Amino acid sequence: MPELPEVEIAARNLRAWALGRRIDLAEAEEQAKRIFRPGRPGTFAAALAGRRVTEVRRVGKQILVRLEDPSGGARPLGLISHLGMTGKWLRRDGGEDAPSHSRARLHLDDGVTLHYRDPRLFGRLRTVPGARFEDVPEVAALGPDPLDKGIDPARLATAFARRKTAVKVAMLDQALLPGVGNILASEGLFRARLDPRRSASALSRVEVKRLAEAVLASVKETIAREEGPEVAYVEEPGTENPFLVYGREGEECPRCRRETIRRIVQGQRSTFFCPRCQE
DNA sequence: ACCCGTGTTCGCTG
DNA sequence: TCAGCGAACACGGG
């Protein structure tokens with residue numbers, strides 16, 4: 001589930017599992033129509049069959065997959081996967097049970113099946129004719145990817161100057177910080193010691209620069225932790241909360257140890273912060 | 001039963 | 001044009 005680090009791990013997994021493999025057969029659940037919009041599940045599945053995976057990339061929270069023409073022709077197909085809130089790609093060997101809420105399946109030529117699992121159906125799977133990803137509005141609208149290109153503090157400051165809204169809310173704009181979501185926003189603000197309630201336009205250039213560095217540090221740390229011994233998703237049940245403030249309402253602040261982490265609601269989403277450290 | 005949720009889009013207002 | 005805001009989508013877990 002997806003913010004930049006989770007999506008990056010999902011893309012790395014897909015690369016390891018599918019790069020160079022042919023999709024012998026694809027299936028898509030007819031009941032899960034909204035995932036496959038625009039278009040229909042059946043059309044989606046038919047378009048993938050027989051194609052070989054030649055590239056897997058990530059931009060922001062979007063995973064971009066390139067599929068070559070089945071007959072060696074010059075007509076590639078793009079596949080875009082957005083994981084929504086609960087989307088996940090899972091690998092199953094032949095014989096293993098399918099996961100629940102499997103909405104689409106890619107049967108590869110080595111006997112492996114990749115399942116797209118998504119209980120809440122907020123994710124998207126779409127095909128892109130000619131693999132022309134730059135023509136897709138959701139991709140074209142994204143700014144430079146933080147992990148790929150870094151975060152340009154001057155560009156961020158210019159954009160923030162126009163935004164009266166709380167900085168925490170402004171950070172979720174995918175045109176500004178692609179891949180940043182609700183967790184990274186709280187984590188980045190905590191590391192940068194900035195109050196999430198301040199207007200984005202009120203931040204100084206120095207503060208914006210601090211924030212850019214803090215977000216990037218959070219991204220890299222989360223990826224490094226998730227990659228660990230075996231590439232895994234952080235939020236598996238039973239695993240400990242790996243974040244500094246996210247999901248830690250009422251706990252002692254890990255920096256000052258003199259205040260408790262607060263939870264407030266901004267733009268219909270929870271924000272976690274330390275009222276003593278962040279100003 | 002009730003509340004919560006790592007996301008996006010749509011429609012409305014100013 | 002655009003910034004801002006609330007509703008909607010859908011389902012499982014605590």
Side-chain angles (χ1 to χ4, degrees), chain A residues 1-11 29 31-38 58-63 80-89 99-103 116-126 136-143 146-147 158-190 196-202 215 218-219 221-223 225-226 232-250 262-272:
Chain A
M1 339 282 246
E3 291 191 21
L4 197 160
E6 286 285 351
V7 181
E8 174 64 18
I9 295 301
E29 292 300 314
Q31 314 87 275
K33 278 193 183 59
R34 53 173 290 119
I35 287 180
F36 302 95
R37 289 182 318 186
R58 177 198 56 77
V59 182
K61 298 170 191 168
Q62 312 273 358
I63 300 172
I80 300 185
S81 168
H82 190 294
L83 304 177
M85 291 278 270
T86 53
K88 192 179 279 193
W89 282 97
S100 61
H101 306 97
S102 171
R103 310 301 191 180
Y116 178 63
R117 177 179 193 268
D118 190 353
R120 274 176 84 178
L121 301 174
F122 282 0
R124 289 288 182 278
L125 284 169
R126 62 203 318 151
V136 177
E138 292 88 328
V139 176
L142 299 176
L147 189 61
T158 303
F160 275 0
R162 266 182 280 121
R163 309 291 302 272
K164 281 193 139 68
T165 193
V167 57
K168 155 64 173 18
V169 175
M171 288 174 75
L172 300 177
D173 184 342
Q174 300 298 290
L176 289 183
L177 296 171
V180 170
N182 204 39
I183 294 179
L184 277 172
S186 278
E187 295 288 294
L189 287 161
F190 176 74
R197 299 166 293 189
R198 285 177 59 189
S199 164
S201 62
V215 168
S218 293
V219 166
E221 199 169 285
T222 305
I223 291 174
R225 182 178 45 240
E226 288 185 36
Y233 293 94
V234 281
E235 86 303 348
E236 296 296 340
T239 55
E240 201 183 331
N241 176 354
F243 304 113
L244 297 169
V245 289
Y246 184 85
R248 297 195 181 278
E249 181 182 18
R262 307 299 162 85
R263 171 184 171 273
I264 60 175
V265 174
Q266 297 180 289
Q268 306 171 297
R269 321 284 309 271
S270 290
T271 301
F272 298 88

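Sequence lines set the chain letters: A, B, ... in the order given, protein chains first and strands last, and positions in each chain run from 1. These numbers were taken from a predicted model, which means no experiment stands behind them.
Between the P atom of C:dC11 and the NE2 atom of A:His101 lies a distance of 8 Å, rounded to the nearest Å. Atom pair A:Arg263:CZ and C:dG14:C1' shows a separation of 14 Å (rounding to whole Å applied). In this entry the distance linking CZ of A:Arg37 with C1' of C:dA10 reads 12 Å, nearest Å. Atom NZ in A:Lys33 sits roughly 17 Å away from atom P in C:dC9 (whole-Å rounding). Protein atom CZ of A:Arg117 is 18 Å distant from nucleotide atom P of C:dA10, rounded to whole Å. Between the P atom of C:dG4 and the CG atom of A:Leu176 lies a distance of 11 Å, rounded to the nearest Å. Atom CD1 in A:Ile264 sits roughly 12 Å away from atom P in B:dG5 (whole-Å rounding).
Remark: side-chain polar atoms of A:Glu187 are not paired, donor with acceptor, to backbone N or O of A:Val215 under 3.5 angstrom. The main-chain N or O of A:Leu184 is found under 3.5 Å from a side-chain atom of A:Glu3 such that the two form a donor-acceptor pair.
If you take atom C1' in C:dG4 and the same atom in B:dT6, they sit 23 Å apart, rounded to whole Å. Comparing B:dT8 with C:dG13, their P atoms sit 23 Å apart, to the nearest whole Å.
Checking C:dG6 for Watson-Crick or G-U wobble geometry (two distances, each under 3.5 Å) identifies B:dC10 as its partner. Base pairing annotation: C:dG13 forms a Watson-Crick or G-U wobble pair with B:dC3, both donor-acceptor distances under 3.5 Å.
Salt bridge status for A:Arg126 with A:Glu138: present, with a side-chain N to carboxylate O gap under 4.0 Å.
The aromatic rings of A:Tyr246 and A:Phe272 lie perpendicular to each other, with more than 60° between the two planes, well past the 30° mark.
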- Message: So if I define the base as every atom that isn't primed, P, OP1 or OP2, how would nucleotides 7-14 of chain B read as a B/S/- string at a heavy-atom cutoff under 4.0 Å?
- Response: BSS-----
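In this structure, A:Leu4 CG and A:Ile9 CD1 are separated by 10.0 Å, a value rounded to the nearest 0.5 Å. From A:Leu125, atom CG reaches atom CD1 of A:Ile35 across 6.5 Å, with rounding to the nearest 0.5 Å.
Near-neighbour residues of DNA chain C inside residues 158-170 of chain A, defined by a heavy atom below 4.0 Å, number-ordered: A:Arg162, A:Arg163, A:Lys164, A:Thr165.
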- Item | side-chain hydrogen bond (donor to acceptor under 3.5 Å, both in side chains) evaluation trace for A:Arg163 with A:Ser199 | CA-CA 7 Å; A:Arg163 309 291 302 272; A:Ser199 164; over 6 Å; no
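Side-chain atoms of A:Leu83 and A:Glu6, non-hydrogen and from C-beta on, never get closer than 4.5 Å to each other.
Qualifying side chain to side chain donor-acceptor pair (under 3.5 Å) partners for A:Ser270, counting only residues two or more places apart in sequence or in other chains: A:Arg263.
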